[in-house]
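Presented below is the structure to which this report refers.
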Amino acid sequence: MNENPKVFISYSHQDAIYENKVLEFSNKLRSEGIDASIDLYEEAPSEGWPRWMENQIRKSDYVLVLCSKSYYEKFYSDEKGKGVTWEVSIIYQYLYDSNVETKKFIPIFFEKGEEEFIPTPIKSFTYYNIGADEGYNNLYWRLRGAQKTVKPPLGKLRPLPEKERKTMFFSTPIDLKKWNEAQWRGMLYLFFPVNDHPPILGFLFHNYSVAKEIFQEWKENMKNGYADNFLRIDFIEPPFPKGCWVNNTKERNYGKGYFVHLGANIDEATQRGIKGGIKVDEMILLGCL
């Protein structure tokens, strides 16, 4: 587009007062750098009025359709060959050729409420009330190709969040939430010196009902198998270190007792993975070992 946009104003002749308003509007555009053109600037174009109108529409960057009741009525008049009706034929053809996808034609009007006189073929286009300062200014900057809000350049896409790594095996058979709710308090170990009765290892909990759910789930997971395939219990025996640091405080000596560690049987889990076709190094990557 040229630095000074070329604009043709299509309007309906009504009376001297209205024509003066059209002339003042066109003069104002020209005074602000818009190359506006209307028939009032011409006395007798050499190519004749029909050809002159067609050339103005064809050569202009924009055609401002000044809508009014008179323009609307003439737009749909059956009389052809003069003034508005001739311009209407040309506008219709442009719209048809462009499949109604064009920014060339801009509806405008002087008074609020005259938007009802916008002809149907251009009714969906952005229109301006040039009788108001805001409407005129918005039209002016559109003709200049300027926008109120400049679209910023496209930035880089945000990196995708890392997916949570999931493994084939649980790192522990203990439901930590239920274990905490059950409030584990200690271990109970019973043995019988006679009759070769196997020893008994018991877990002491404060909340019986939740603790019972833990063991029920273990039995379900160990169905048709042995506990050793699922669980592993290790006894950590003395000698123990003389003390340890907990919360920046050195605790008392552990004495001569022992610790019990309950967790998954990693060896059995490894063997199940190998039998399933998973290599040991792949299980390490999966976090199984």
The complete set of ring pair (Phe, Tyr, Trp, His ring centres under 6.0 Å) pairs with one or both residues in residues 18-44, sequence neighbours excluded, reads Tyr18-Phe110
To the nearest 0.5 Å, atom CD1 of Ile91 lies from atom CD1 of Ile122 at 6.5 Å
Ion pair present between Lys69 and Glu114, side-chain N to carboxylate O less than 4.0 angstrom?
no
(Q) Looking at Gly186, is its backbone amide N or carbonyl O close enough to the side chain of Trp184 to form a donor-acceptor pair, meaning the two atoms are under 3.5 Å apart? (A) yes
Interatomic distance, CG@Asn27 vs CD1@Ile38, rounded to 0.5 Å, equals 6.5 Å
Worksheet item: Are Phe8 and Tyr62 close enough, and set up right, to give a ring pair (Phe, Tyr, Trp, His ring centres under 6.0 Å), and what steps lead you there?
Response: CA-CA 6 Å; Phe8 175 65; Tyr62 297 101; over 10 Å; no
### Query
Going through the distances and angles, do Trp52 and Glu42 end up as a side chain to side chain contact (heavy atoms under 4.5 Å, CB included)?
CA-CA 10 Å; Trp52 180 86; Glu42 301 290 335; 3.6 Å; yes
Heavy-atom closest pair (Lys112 atom, Glu115 atom, distance to 0.1 Å) is C-OE1, 4.0 Å
*asked:* Side-chain heavy atoms nearer than 4.5 Å, only ILVMFWY residues, links allowed to pass through others: does that put Val210 and Phe203 together?
replied: no
Original post:
Step by step, would you call Ile118 with Val65 a side chain to side chain contact (heavy atoms under 4.5 Å, CB included)?
Top reply: CA-CA 9 Å; Ile118 298 176; Val65 181; over 6 Å; no
Under 3.5 Å, side chain of Asn4 to main-chain N/O of Gly33, donor-acceptor pair present? yes
*Non-hydrogen side-chain atoms of Asp39 and His13 separated by less than 4.5 Å*: yes
Check this for me: Ile17, atom CD1, are more than 12 non-hydrogen atoms of other residues, nucleotides or ligands nearer than 6.0 Å? no
Any idea how Phe109 and Tyr127 line up, ring-wise: parallel (<30°), tilted (30 to 60°), or perpendicular (>60°)?
tilted
Closest non-hydrogen contact found for Trp49 with Glu43 is CZ2-O, 3.8 Å
Any salt bridge between Lys21 and Glu111, counting N to O under 4.0 Å? yes
Exercise. Would you say the side chain of Pro119 lies within less than 4.5 Å of the side chain of Cys67, judging by non-hydrogen atoms?
Worked result: yes
**Asked** With a 4.5 Å heavy-atom cut-off, do Arg144 and Ile34 have their side chains touching?
**Response** yes
When every non-hydrogen atom of Leu143 is compared with those of Pro5, the smallest separation belongs to O-CG, 3.0 Å
- Message: Quick check on Asp15: does its CG atom have over 12 non-hydrogen neighbours (other residues, nucleotides or ligands) under 6.0 Å away?
- Response: yes
Does Tyr140 reach the side chain of Glu32, with side-chain heavy atoms less than 4.5 Å apart?
yes
>> Walk me through whether Leu23 and Glu19 qualify under side chain to side chain contact (heavy atoms under 4.5 Å, CB included).
In response: CA-CA 6 Å; Leu23 182 60; Glu19 289 184 5; over 6 Å; no
Q) Any salt bridge between Asp61 and Lys104, counting N to O under 4.0 Å? A) no
- Message: Counting neighbours of CD on Glu47 that are heavy atoms of other residues, nucleotides or ligands and sit closer than 6.0 Å, is the number greater than 12?
- Response: yes
Distance flag, aromatic centroids of Tyr136 and Tyr128, threshold under 6.0 Å:
no
Check: Any side-chain heavy atom of Leu29 sitting closer than 4.5 Å to one from Leu64?
Finding: yes
Is the number of heavy atoms from other residues, nucleotides or ligands under 6.0 Å of Lys123 NZ greater than 12?
yes
OG (Ser12) and CG (Leu66) are apart, to the nearest 0.5 Å, by 9.0 Å
- Donor-acceptor pair, side chain of Glu213 and main chain of Ala211, under 3.5 angstrom: no
Open item on the list: Under a 3.5 Å cutoff, is there a donor and acceptor pairing between the side chains of Arg58 and Gln56?
Closed with: no
With heavy-atom distances below 4.5 Å as the criterion, would you say the side chains of Lys6 and Lys59 are in contact?
yes
Is there a path of hydrophobic side-chain contacts, each under 4.5 Å between heavy atoms, that joins Leu204 and Tyr208? no
May I ask you to decide if Tyr71's main-chain N or O and Ser68's side chain share a donor-acceptor pair within less than 3.5 Å? yes
query = Do Asp35 and Val7 have side-chain heavy atoms sitting under 4.5 Å apart?
reply = no
Thr126 and Ile106, any side-chain heavy atoms less than 4.5 Å apart:
no
**Transitive ILVMFWY side-chain link Phe215 to Leu176, under 4.5 Å** = yes
With sequence neighbours left out, the residues meeting ring pair (Phe, Tyr, Trp, His ring centres under 6.0 Å) with Tyr72 are Tyr76
